[in-house]
Colleague: 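The structure under discussion is supplied below as C-alpha cells; questions concerning it will follow.
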Protein chains: 2
Amino acid sequence: MVSYSARASHDPRFDLSDDEVDRIFRALADATRRDIIRRILSEDATVSQLAEPYDMSFAAVQKHIAVLEGAGLVTKHPSGRERIVRGNPEMLRRAQALLGRYEQIWRGRIDRLDALLAEDEPRESH
Amino acid sequence: MVSYSARASHDPRFDLSDDEVDRIFRALADATRRDIIRRILSEDATVSQLAEPYDMSFAAVQKHIAVLEGAGLVTKHPSGRERIVRGNPEMLRRAQALLGRYEQIWRGRIDRLDALLAEDEPRESH
DNA sequence: ACTATATGAAACCATTTGGTTGTACGTTAG
DNA sequence: CTAACGTACAACCAAATGGTTTCATATAGT
C-alpha cells in the first residue's frame, strides 16, 4: 500500500545500478564537466569546440568528455573527422529523480513522526 | 524576456560555490555514502549505529560520514559520548534544483529550436 | 577509581583521478 | 599528394580517495 511504484510506469529510474549512479554523480562532481554539460545541453558541439575555452590541454578535456560519456550523460557521434558531442538529458533526469527519492524518504520520516505524535493510544514509550 | 530568474525568489540555489557543488556530488558518488544518507533521512543515528551494518572498519565509515558532513549533507550533534548524525535534506534539494537547472537549459534549447522553425522571416540560414 | 564504549585522528598503503606530453591515424583542404 | 586538422590513445606524474591499523581522549557504567 506504500505508493512505491505508484506513478512509476514511465520512469525507469530504479534500473540504475550502484555503479551507474556512482559514475553519474562522480561525473557531475567536477566544475569543468558540469560546464561542458551546460554547454552541450544548450547546443551540440565538437570535441575541439568544447575544449577551446578551457585553460587545459585538449587531451584533458577529452578525458572529461570520456567521463561524461561513461556516465551516459553525453554521447559522441562521428561526423567526418570530428565527433559531435550531444547531451543526454534523460540521465540528468534520472539523477534528479534519485535525489527526489531521498526527499520521499525524508517526508516518510516526517509522516511517521506525525503519526507518532497523533497516537491516541500510546503504548509504553519508556 | 528569458524567464531566467522568474520564480526563483524562494530558492537560494545559486549561492552554492563550485567547490560546494563538487563536494555534494562527490559525496553522493559512493554507494555506501548514499546508503548512509538514506538511513539518516529515515532516522537519526549515532556514528556506531551507522557503522555497524557495513563490512568495513569503523574508521572507514567515520570517514564516509566526514565526507557527507563536509558536503553539508549531514550534521553531527554531540550527545554524551556519542554523536547523533542528522540528515540535511536542504542540501539534497539544492543538488536537485541544480539538476533542474540543466533541464531548464535543455528546454531553452528546444524553445530556441522551435522558435527557429517557426520563423516566418528566415534570414540567410546558410 | 577502573573499565568499557564511542569517537577522533594519525600514519600508511593501493588505486583512481586529473592533469601533462608525445605519438599515431583517419579526414579534409589545397 | 601532401599538409593541416580533429581525434584517439599511451605513458607518465602528483594528488586525492578509500581503505587499513594504531593510538588518544572523553564519557558512561559498575
Side-chain angles (χ1 to χ4, degrees), chain A residues 17-40 43-87 126, chain B residues 17-40 43-87 126:
Chain A
S17 73
D18 274 355
D19 269 11
E20 290 174 301
V21 178
D22 282 8
R23 265 172 286 158
I24 292 174
F25 282 128
R26 176 166 292 274
L28 290 170
D30 180 285
T32 302
R33 287 195 292 260
R34 286 193 302 275
D35 195 55
I36 291 178
I37 290 184
R38 272 183 236 113
R39 295 172 55 206
I40 278 304
E43 193 156 19
D44 292 351
T46 68
V47 178
S48 311
Q49 288 172 340
L50 286 175
E52 192 268 328
Y54 303 113
D55 192 25
M56 71 181 76
S57 71
F58 174 78
V61 178
Q62 243 182 330
K63 282 201 196 174
H64 280 304
I65 296 173
V67 170
L68 291 171
E69 197 180 13
L73 289 165
V74 135
T75 52
K76 275 191 289 192
H77 303 85
S79 168
R81 65 179 158 186
E82 12 186 71
R83 306 298 155 97
I84 310 291
V85 185
R86 183 167 306 155
H126 86 314
Chain B
S17 72
D18 275 356
D19 269 11
E20 290 175 300
V21 179
D22 282 9
R23 267 173 283 156
I24 292 174
F25 282 127
R26 175 165 295 275
L28 290 169
D30 179 286
T32 302
R33 286 196 291 261
R34 285 193 302 274
D35 194 55
I36 291 178
I37 290 185
R38 272 182 235 113
R39 294 173 55 206
I40 277 305
E43 194 156 18
D44 291 351
T46 68
V47 178
S48 311
Q49 288 172 340
L50 286 175
E52 192 267 328
Y54 304 112
D55 191 27
M56 70 181 80
S57 72
F58 174 78
V61 178
Q62 243 182 328
K63 281 200 198 175
H64 280 304
I65 295 174
V67 171
L68 291 171
E69 196 181 13
L73 289 166
V74 134
T75 52
K76 275 191 288 192
H77 306 273
S79 168
R81 65 179 160 186
E82 19 186 63
R83 307 298 157 98
I84 309 290
V85 185
R86 184 167 305 154
H126 87 315

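Throughout, protein chains are lettered first and strands after them, A, B, ... in sequence-line order, and every chain is numbered starting at 1. Computed from heavy atoms alone, side chains included, the values below leave out hydrogens, waters and symmetry copies.
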Colleague: Does B/Arg33 place a side-chain N or O at less than 4.0 Å from the phosphate oxygens OP1/OP2 of D/dG18?
Modeller: yes
Colleague: Quick check on DNA chain C: between A/Ala60 and B/Ile84, whose nearest nucleotide comes earlier from the 5' end?
Modeller: B/Ile84
Colleague: Examine C/dG8: is either OP1 or OP2 under 4.0 Å from a nitrogen or oxygen in the side chain of B/Arg83? Give yes or no.
Modeller: yes
Colleague: Select from B/Ala59 and A/Arg81 the residue whose nearest nucleotide in DNA chain C is closer to the 5' end of that strand.
Modeller: B/Ala59
Colleague: Could you give the CD-to-C1' distance, from B/Glu82 to D/dA28, as a whole number of Å?
Modeller: 10 Å
Colleague: At their closest point, which heavy atom of A/Ala31 faces which heavy atom of B/Asp22, and how far apart are they?
Modeller: N-OD1, 3.5 Å
Colleague: When the distance from CG of B/Leu50 to P of C/dA6 is rounded to whole Å, what number comes out?
Modeller: 13 Å
Colleague: Of the non-hydrogen atoms in A/Leu28 and A/Arg34, which two are nearest, and what is the gap between them?
Modeller: O-NH1, 2.7 Å
Colleague: In residues 64-74 of chain B, what residues come within less than 4.0 Å of DNA chain D, judged by heavy atoms?
Modeller: B/His64
Colleague: Less than 4.0 angstrom between a side-chain N/O of A/Ser57 and OP1 or OP2 of C/dT20, yes or no?
Modeller: yes
Colleague: Could you tell me which residues satisfy side chain to side chain contact (heavy atoms under 4.5 Å, CB included) with B/Glu82, sequence neighbours excluded, listed by chain and number?
Modeller: B/Thr46
Colleague: What's the CD-C1' distance between B/Gln49 and C/dT5, to the nearest Å?
Modeller: 13 Å
Colleague: According to the salt bridge (charged side-chain N to carboxylate O under 4.0 Å, His left out) rule, which pairs have a member within residues 68-80 of chain B, sequence neighbours left out?
Modeller: B/Glu69-B/Lys76
Colleague: How close or far is atom P of D/dT17 from atom CZ of A/Phe25, stated in whole angstroms?
Modeller: 18 Å
Colleague: Check the distance between C/dT21's P and A/Met56's CE and give it to me in whole angstrom.
Modeller: 13 Å
Colleague: To the nearest Å, give me how far apart NZ (B/Lys63) and P (D/dG19) are.
Modeller: 9 Å
Colleague: Whole angstroms only, please: what is the CD-C1' distance between A/Gln62 and C/dT23?
Modeller: 13 Å
Colleague: Figure out the CG/P separation between A/Asp19 and C/dT16, and round it to whole Å.
Modeller: 12 Å
Colleague: Which residues pass the side chain to side chain contact (heavy atoms under 4.5 Å, CB included) test with A/Lys63, sequence neighbours left out?
Modeller: none
Colleague: With sequence neighbours left out, write down each residue that passes salt bridge (Lys or Arg N to Asp or Glu O under 4.0 Å) with A/Asp30, or none if nothing qualifies.
Modeller: none
Colleague: Need one value for B/Thr46: base, sugar-phosphate or nothing, where a base atom within 4.0 Å counts as base even if backbone is also close, heavy atoms only.
Modeller: sugar-phosphate
Colleague: Measure from the side chain of B/Arg26, starting at C-beta and using heavy atoms only, and say which of C/dG18, C/dG8, D/dA8 lies closest.
Modeller: C/dG18
Colleague: What residues form a salt bridge (Lys or Arg N to Asp or Glu O under 4.0 Å) with B/Asp35, not counting sequence neighbours?
Modeller: B/Arg38
